[in-house]
Number of protein chains: 2
Amino acid sequence: MSANTFHKLRDEIENGIVTGEFAPGERLDELQLATRFGVSRTPIREALMQLSAIGLIETRPRRGAVVVDPAPDRIYEMFEVMAELEGMAGALAARRHTEEDRLALLSAHEKCEAAEASEDTDRYYYDNELFHSAIYAASHSTFLEEQCMVLHKRLRPYRRLQLRVRNRMKVSLREHGDIVAAIVSGDADAARALLRGHVAVQGDRFGDLIANLGRREIRKPSLST
Amino acid sequence: MSANTFHKLRDEIENGIVTGEFAPGERLDELQLATRFGVSRTPIREALMQLSAIGLIETRPRRGAVVVDPAPDRIYEMFEVMAELEGMAGALAARRHTEEDRLALLSAHEKCEAAEASEDTDRYYYDNELFHSAIYAASHSTFLEEQCMVLHKRLRPYRRLQLRVRNRMKVSLREHGDIVAAIVSGDADAARALLRGHVAVQGDRFGDLIANLGRREIRKPSLST
DNA sequence: CAAGACATTCTTGTATACATAATAGTTGAC
DNA sequence: GTCAACTATTATGTATACAAGAATGTCTTG
């Protein structure tokens, strides 16, 4: 792909954000990042500019960049939109999927089943991404696929949080099964409805999410002076 | 808002792109832009970085930035997603709109009617944006509103193209009327369906769009040497 | 002892300089 | 005459330097 410094830096920092290394609300010091990555401030700034445009960080003039820390209602809105887009992807996938798409989807589903069976949350988390990516790809709308991937990334930290809820993995897997059936059988409406329900944080799940937001790792290592 | 140079430059260049001053496929020379705006290359680059992240321009390593020139099928995909998001906004608006929202929507609709009556395409084009913005706002989902605005901006050049089709303004206005009725009466499903149909470029409209793509202003002023 | 003002320091924002890759033009050879 | 290779120029990518604003800490005064 592109072997530019700022490009790599962007991915690096973005990754740091979605994995939680850079916690929401954390200040991103340009000089600090520059020395850490062994480059000057220039490519760091350019990477931050891009992340700012995507919405992963916020920059206030003369006051630096901070990792966005969306309020619960905003997180809810993001899931709401994600649900709609995934539903759309599912509906298109049901109509347009090829044999390859079908095999990729089934393969991803089986991996999720294995992960659930071994009760490996991290693995399930990873394979779950494969599963959803397979649906995006099967929609055969590259633009929709891109949009879904972007939003998926932004929601990654909160998605992870949700898996902490008891039995969520098992319920999620069951829903996956229904989704696969709908897509494979070409039932666009069902695929849309099932994916909407699968992704949205409705009812109790919203409460669970809020509760887990508080249980994250400590934001700022409380200064001990 | 933010009085930073690169911020203003970003808006300036972005505006130039959506208005067509910078045509699709056109190369954006950093030095040229820098001298034009009377600044150094640094803030120009930062502005371009942001536009690149949004997807308005493409940057190939060591080969500069060009305004994206999406293929017709990609434009179609973008309208497809836009239709879905607008449908969602309409559905939410039908359920959640306040008295203020209702008045704003009706006001925007009336402006569109006046523009259509005077057969002023440019004015209709502008008021049409107000109309759609009113729906986004009425959805009371700030995230959805933002997403819609971003996509709306990206599609602006092609939306404009569509108005060239005979009678499109009249048809569009009639659809607006139905949409308003659905939202005001609180019929979420109808609002969703109507907005989807209104925004999507289905059937003949896709053909019309393709045809008009060729009729744009000359991309590159053919060199006469 | 507390509160406000001033100064110092740190960080961001912009400009400039330098290095490197790409492109175009020219020259030479077949 | 055409094609290829080499050179020169131009533009991008990164580093560094400089300027300006914000934050913090200290000192003075009430």
Side-chain angles (χ1 to χ4, degrees), chain A residues 1-14 16-17 22-23 25-69 219-225, chain B residues 1-14 16-17 22-23 25-69 219-225:
Chain A
M1 277 273 190
S2 39
N4 277 4
T5 307
F6 74 85
H7 231 138
K8 281 182 288 187
L9 288 173
R10 178 171 64 76
D11 293 345
E12 200 94 31
I13 299 173
E14 176 178 335
I17 292 173
F22 300 115
E26 183 175 332
R27 171 104 173 277
L28 295 174
D29 188 88
E30 295 176 4
L31 200 59
Q32 199 173 309
L33 291 169
T35 53
R36 165 171 169 174
F37 290 111
V39 295
S40 83
R41 276 177 52 221
T42 306
I44 294 285
R45 276 186 70 84
E46 300 189 339
L48 292 180
M49 286 291 152
Q50 298 223 11
L51 296 178
S52 163
I54 295 173
L56 268 175
I57 65 175
E58 260 174 0
T59 65
R60 293 235 258 291
R62 288 273 173 203
R63 303 191 59 190
V66 294
V67 180
V68 289
D69 189 8
R219 299 270 178 83
K220 312 225 172 188
S222 54
L223 320 169
S224 54
T225 40
Chain B
M1 277 271 188
S2 39
N4 276 6
T5 306
F6 74 86
H7 230 138
K8 280 182 286 187
L9 288 173
R10 178 171 65 77
D11 293 344
E12 201 95 30
I13 299 172
E14 177 179 333
I17 292 174
F22 299 116
E26 183 175 332
R27 171 101 174 278
L28 295 174
D29 188 88
E30 295 177 1
L31 201 59
Q32 199 173 308
L33 291 169
T35 54
R36 165 172 171 175
F37 290 111
V39 297
S40 83
R41 275 177 53 223
T42 307
I44 294 285
R45 278 186 68 84
E46 300 190 338
L48 291 181
M49 287 290 151
Q50 297 223 10
L51 295 177
S52 164
I54 294 174
L56 269 175
I57 66 176
E58 260 175 1
T59 64
R60 293 235 258 289
R62 285 273 171 201
R63 302 190 62 189
V66 294
V67 179
V68 290
D69 189 9
R219 298 270 179 81
K220 310 224 174 191
S222 54
L223 319 170
S224 53
T225 34

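So that the names make sense, note that chain A is the first sequence line, chain B the second, and so on, each numbered from 1.
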For [X] and [N], give me the distance from atom [atom1] to atom [atom2], rounded to whole Å.
X: R41(A); N: dT16(C); atom1: CZ; atom2: P; result: 16 Å
X: R62(B); N: dT12(D); atom1: CZ; atom2: P; result: 10 Å
X: L33(B); N: dA11(D); atom1: CG; atom2: P; result: 12 Å
X: F37(B); N: dA15(C); atom1: CZ; atom2: P; result: 13 Å
X: H7(B); N: dT12(C); atom1: NE2; atom2: C1'; result: 15 Å
X: N4(B); N: dA20(D); atom1: CG; atom2: C1'; result: 12 Å
X: D29(A); N: dA23(D); atom1: CG; atom2: P; result: 14 Å
X: L31(A); N: dT12(C); atom1: CG; atom2: P; result: 8 Å

**Study point:** Heavy-atom side-chain proximity of L48(A) to F6(A) below 4.5 angstrom
**Key:**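 Heavy-atom side-chain distance check fails, nothing below 4.5 Å.
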Check your understanding: Counting side-chain heavy atoms from CB outward, which of dT14(C), dA21(C), dT16(D) is closest to S40(B)?
Key -> dT14(C)
Exercise for review: Among dT20(C), dT11(C), dT14(C), find the nucleotide with the atom closest to the side chain of T5(B).
Suggested key: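 Closest nucleotide to the T5(B) side chain: dT14(C).
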Point to revise | Which residue lies more 5' along DNA chain C, comparing V39(B) with L28(A) via nearest heavy atoms | key: L28(A)
Study note, to complete from the structure: Assign each of E30(B) and G38(A) the nucleotide of DNA chain D bearing its closest heavy atom; nearer the 5' end lies the nucleotide of E30(B)
Review point. According to a strict under-4.0 Å criterion, is T42(A) in side-chain N/O contact with OP1 or OP2 of dT14(D)?
Key: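 False: T42(A) side-chain N/O out of range (4.0 Å or more) of dT14(D) OP1/OP2.
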Point to revise | Side-chain N,O (R60(A)) to OP1/OP2 (dG13(C)) below 4.0 Å | key: no
When the side chains of residues 49-61 of chain B are checked against the rest of the protein, which donor-acceptor pairs come out under 3.5 Å, sequence neighbours left out?
unit_1: Q50(B); atom_1: OE1; unit_2: R10(B); atom_2: NE; d: 3.2

Please report the closest heavy-atom contact between [X] and [Y], naming both atoms and the distance.
X: R45(B); Y: E30(B); answer: NH1-OE2, 2.9 Å
X: L31(B); Y: R41(B); answer: CD1-CD, 4.0 Å
X: F22(A); Y: L28(A); answer: CD2-CD2, 3.7 Å

Practice item. Could you identify which residues of residues 43-51 of chain B place a heavy atom less than 4.0 Å from some atom of DNA chain D, listed by residue number, or say none? Key: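 R45(B) - these, ordered by number, are the residues of the stretch whose heavy atoms sit under 4.0 Å from the strand.
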Check your understanding: Contact class for R63(A) vs. all strands (heavy atom < 4.0 Å): base, sugar-phosphate, or nothing?
Key -> sugar-phosphate
Review point. Atom CZ of F37(B) and atom CD1 of I13(B): how far apart are they, to the nearest 0.5 Å?
Key: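 Here the rounded value is 5.5 Å.
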Review point. Roughly how far, to the nearest 0.5 Å, is CZ of R36(B) from CG of L9(B)?
Key: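 Rounded to the nearest 0.5 Å, the CG-CZ separation comes out at 10.5 Å.
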